[in-house]
Amino acid sequence: MPKSRIRKKDDFTPPPAKQQNIKLSSGRGWVAPLMLAMFLIGLAWIVIFYVTSGDMPIESLHNWNIVVGFGFIAAGFVVSTQWK
């Protein structure tokens, strides 16, 4: 029986390096300032409500002012999901 020929394998050549375009600016420069502004507005709303014993920011809302303050804070968290 004849012996089979041994196939010579080519040496491994790594694939060519790909050039990656890295963007330093994602075009979302508004996210962080808006997020921080929402957090601070919500915090200030709640603090003002407690410091003024419920007379400010909107007296007719009574204890719902706390919900409004937490609403601003929650909106800040929603905006933070857009941050990359």
Original post:
Hey, any chance Phe77 and Val68 share a hydrophobic cluster, counting ILVMFWY side chains that come within less than 4.5 Å of each other, even indirectly?
Top reply: yes
Original post:
Does Phe49 belong to the same Ile/Leu/Val/Met/Phe/Trp/Tyr cluster as Val67, with side-chain heavy atoms less than 4.5 Å apart forming each link?
Top reply: yes
Original post:
Are Trp30 and Val78 co-members of a hydrophobic cluster defined by side-chain heavy atoms under 4.5 Å apart?
Top reply: no
Subject >> Spacing of CD1 belonging to Ile46 relative to CD1 belonging to Ile41, to within rounding of 0.5 Å >> reply: 12.5 Å
Original post:
Ile73 and Leu61: same hydrophobic cluster, using ILVMFWY side-chain contacts below 4.5 Å?
Top reply: yes
**OP:** List for me each residue that meets side-chain contact (heavy atoms from CB on, under 4.5 Å) alongside Met38, sequence neighbours excluded, and say none if there are none.
**Re:** Leu34, Phe72, Ala75
Original post:
Can you name the closest pair of heavy atoms from Val31 and Val79 and give their distance?
Top reply: CG1-O, 3.5 Å
**OP:** Return each pair, listed once, that meets side chain to side chain donor-acceptor pair (under 3.5 Å) where at least one residue sits in residues 40-64; pairs must be two or more places apart or across chains.
**Re:** Trp45-Asn65
